[in-house]
S.K.: 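Could you have a look at this structure, given as structure tokens, before my questions?
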Amino acid sequence: MKLSYLVKGLPGHPLHPPLTDATIGIYTFATVAAITDVFGWTNHVGAQAWWFALLVGLAFTALTATTGLIDWLTITRWTPLWKTASTHLLVMLTATVFFGLAAIFGHGQFLAGNVTASGLVLTLVGFGFLTVGGWLGGAIVYVHGMRVLNLLDEPAGRAMAPVPHPEKQDAAS
């Protein structure tokens, strides 16, 4: 097994997309927790959940961004795919900055058990950028076809198998 599989995933099963699912889910939860606290639906529990979710999201972002950067480094420069991926990278970095600021400036809100307007706004702006970044990430796969093997007649069992198929390696490179 190649060492690159640890950071890139297997052919047809890249590592970056499932990490994005987890990261987006965590930040979505943080956003919902902030909203529920601001509207008074959860009392202090919403603020605590919001702040902890931001921290967990930032930790997952480190893993997700690393795998995305490794994929980005393999793209031929100045191609339409590279331009889309570079925009995705910048938008996701911007989202991360806003979530990071929400976590930093929100620590006092966490301790007080009350998400204030500043924490909510930073989180909502981060979530807005996250949504645009997710859209662009989808374009990388579904429009440009990055890391897609396009083996429409591949038997289901082989398509779902978490092991590389030597005869398909040329198609994955």
S.K.: So, taking the atom named OG1 in T123 and the one named CZ in F98, what distance separates them when rounded to the nearest 0.5 Å?
M.R.: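 So the OG1 of T123 and the CZ of F98 are separated by 11.0 Å.
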S.K.: Would a single hydrophobic cluster contain both I24 and L58, if residues Ile, Leu, Val, Met, Phe, Trp and Tyr are joined by side-chain heavy-atom contacts under 4.5 Å?
M.R.: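 Yes, L58 connects to I24 through the hydrophobic network.
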S.K.: Does one hydrophobic cluster hold both F60 and L101, with members joined at side-chain heavy-atom distances below 4.5 Å?
M.R.: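 No; tracing contacts between hydrophobic side chains, which count when under 4.5 Å, never links both residues.
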S.K.: Do V32 and I35 belong together in a cluster built from hydrophobic side chains that touch within less than 4.5 Å?
M.R.: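 The answer is no; the residues belong to distinct hydrophobic clusters.
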S.K.: Side chain to side chain contact (heavy atoms under 4.5 Å, CB included) with T23: which of L63, T64, V56, T28?
M.R.: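 Passing option: T64.
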S.K.: Is any side-chain heavy atom of L93 less than 4.5 Å from a side-chain heavy atom of L89?
M.R.: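 Of all side-chain heavy-atom pairs linking L89 with L93, at least one is under 4.5 Å.
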S.K.: With a 4.5 Å limit on heavy-atom distance, are the side chains of D71 and K8 in contact?
M.R.: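 In contact.
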S.K.: Heavy atoms, side chains only, cut-off 4.5 Å: are T76 and W82 in contact?
M.R.: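 SC-SC contact between T76 and W82 ruled out.
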S.K.: Is the H107 ring parallel, tilted or perpendicular to the F110 ring (thresholds 30°, 60°)?
M.R.: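 It falls in the tilted class, 30° to 60°.
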S.K.: Where is the tightest heavy-atom contact between A47 and N114, given as atom of each residue plus distance?
M.R.: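 For A47 and N114, the tightest heavy-atom pair comes out as CB-N, 3.5 Å.
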S.K.: Between K83 and W78, what is the shortest heavy-atom contact and its length?
M.R.: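 So the minimum-distance heavy-atom pair works out to CE-O, 3.6 Å.
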S.K.: Who passes side-chain hydrogen bond (donor to acceptor under 3.5 Å, both in side chains) against T94, sequence neighbours left out?
M.R.: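 Applying side-chain hydrogen bond (donor to acceptor under 3.5 Å, both in side chains) to T94 gives none.
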S.K.: For residues 124-146, dump all side-chain donor-acceptor pairs below 3.5 Å to protein atoms at least two apart in sequence or in another chain.
M.R.:
from: T131; atom 1: OG1; to: F127; atom 2: O; distance (Å): 2.9
from: H144; atom 1: NE2; to: T84; atom 2: OG1; distance (Å): 2.9

S.K.: Only counting residues at least two apart or in another chain, list the ones meeting side-chain contact (heavy atoms from CB on, under 4.5 Å) with L15.
M.R.: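 In terms of side-chain contact (heavy atoms from CB on, under 4.5 Å), with neighbours along the sequence ignored, L15 is linked to L19, T67.
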S.K.: To the nearest 0.5 Å, what is the distance between OG1 on T31 and CZ on F29?
M.R.: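 Rounded to the nearest 0.5 Å, the OG1-CZ separation comes to 10.5 Å.
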S.K.: Are L81 and L69 connected into the same hydrophobic cluster when the rule is that any two of I, L, V, M, F, W, Y join if their side-chain heavy atoms are below 4.5 Å apart?
M.R.: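 Yes, it is one cluster - the side chains of L69 and L81 are joined through contacts under 4.5 Å.
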S.K.: Quick one: CG on L111 to NE2 on H44, what's the gap to the nearest 0.5 Å?
M.R.: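 If we round to the nearest 0.5 Å, L111:CG and H44:NE2 are 12.5 Å apart.
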S.K.: To the nearest 0.5 Å, what is the distance between CG (L122) and CG (L54)?
M.R.: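 One finds 9.5 Å between CG of L122 and CG of L54.
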S.K.: Under a 3.5 Å cutoff, is there a donor and acceptor pairing between the side chains of Y27 and T61?
M.R.: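 Short answer, yes.
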S.K.: Centre of W72's six-membered ring, under 6.0 Å away, within 45 degrees of the axis: is that where NZ or CZ of R147 sits?
M.R.: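 No, a cation-pi geometry is absent between R147 and W72.
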S.K.: Please round to the nearest 0.5 Å and tell me the distance separating atom OG1 of T79 and atom CD1 of I75.
M.R.: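 The distance works out to 6.5 Å.
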